[in-house]
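Data first, discussion second: the structure below is written as structure tokens.
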Amino acid sequence: MNNNFPFNDTPNTACFTCCHVLEEHKPILYVCHDEDGYWQFLCGCNHNEDDARIVSLADILEIDESMADLAELDYGEYAEAEDETSDWVVRYIDK
């Protein structure tokens with residue numbers, strides 16, 4: 001295992017992304033670490049079930065290595081950015 005991997009989860013941990021990020025190369029503008037421990041890395045647009053894709057955390061870092069900056073998101077937190085140059089705003093998921 002790579003000791004430099006920034007996430008507490010293993011590199012092969014499955015996470016959700018969308019077809020827009022994976023296939024259309026749109027930037028990741030929404031990152032969520034669900035209360036159940038699941039990760040989501042999305043473009044920030046509205047999605048339906050058909051848009052969902054499953055990749056590994058290592059895949060996400062290959063797509064955008066800056067996601068390492070959000071590796072410390074706690075369970076129940078999410079981060080949003082307006083665009084690729086904006087700062088991330090971290091909030092808790094409303095219950």
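Index from 1, following the sequence.
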If I compare all heavy atoms of [X] with all of [Y], which pair ends up nearest, and what's the gap?
| X | Y | result |
| --- | --- | --- |
| Phe7 | Met67 | CZ-O, 3.8 Å |
| Val90 | Leu73 | CG1-CD2, 3.7 Å |
| Ile93 | Cys32 | CD1-SG, 3.5 Å |
| Cys19 | Arg53 | CB-NH2, 3.4 Å |
| Pro11 | Ser56 | O-CB, 3.3 Å |
| Leu42 | Thr17 | CD2-C, 3.7 Å |

Which distance, rounded to the nearest 0.5 Å, do you find between the [atom1] of [X] and the [atom2] of [Y]?
| X | Y | atom1 | atom2 | value |
| --- | --- | --- | --- | --- |
| Asp51 | Cys43 | CG | SG | 8.0 Å |
| Thr10 | Leu57 | OG1 | CG | 7.5 Å |
| Asp34 | Glu77 | CG | CD | 12.0 Å |
| Cys18 | Ile28 | SG | CD1 | 8.0 Å |

Could you tell me whether [X] atom [atom1] has more than 12 heavy atoms of other residues or ligands within 6.0 Å of it?
| X | atom1 | result |
| --- | --- | --- |
| Asn46 | CG | no |
| Glu84 | CD | no |
| Glu24 | CD | yes |

Next on the checklist: With no hydrogens and no angle check, just 3.5 Å: does a side-chain donor-acceptor pair link Asp69 and Trp88?
Outcome noted: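 The answer is no; no qualifying pair exists.
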Checklist entry - Any side-chain heavy-atom pair from Phe16 and Ile54 closer than 4.5 angstrom? => result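 Answer yes - side chains close enough.
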Checklist entry - Below 4.5 Å, heavy atoms only, C-beta onward: do Leu22 and Ile63 meet side chain to side chain? => result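 Leu22 vs Ile63: side chains touch.
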Using 30° and 60° as the class limits, which term best fits the ring planes of [X] and [Y]: parallel, tilted or perpendicular?
| X | Y | result |
| --- | --- | --- |
| His20 | His47 | tilted |
| Tyr75 | His33 | tilted |
| Phe41 | Trp39 | parallel |

Checklist entry - Who pairs with Glu80 by side chain to side chain donor-acceptor pair (under 3.5 Å), at least two apart in sequence or on another chain? => result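 Side chain to side chain donor-acceptor pair (under 3.5 Å) check on Glu80 returns Arg91.
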Next on the checklist: Determine whether a donor-acceptor pair (N or O, by modelled atom type, separation under 3.5 Å) exists between the side chain of Asp64 and the backbone of Leu61.
Outcome noted: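 Not a single qualifying donor-acceptor pair exists.
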Item to check | Asp83 (side chain) donor-acceptor with Ser86 (main chain) under 3.5 angstrom | outcome: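 Judged by distance alone, yes, a pair lies under 3.5 Å.
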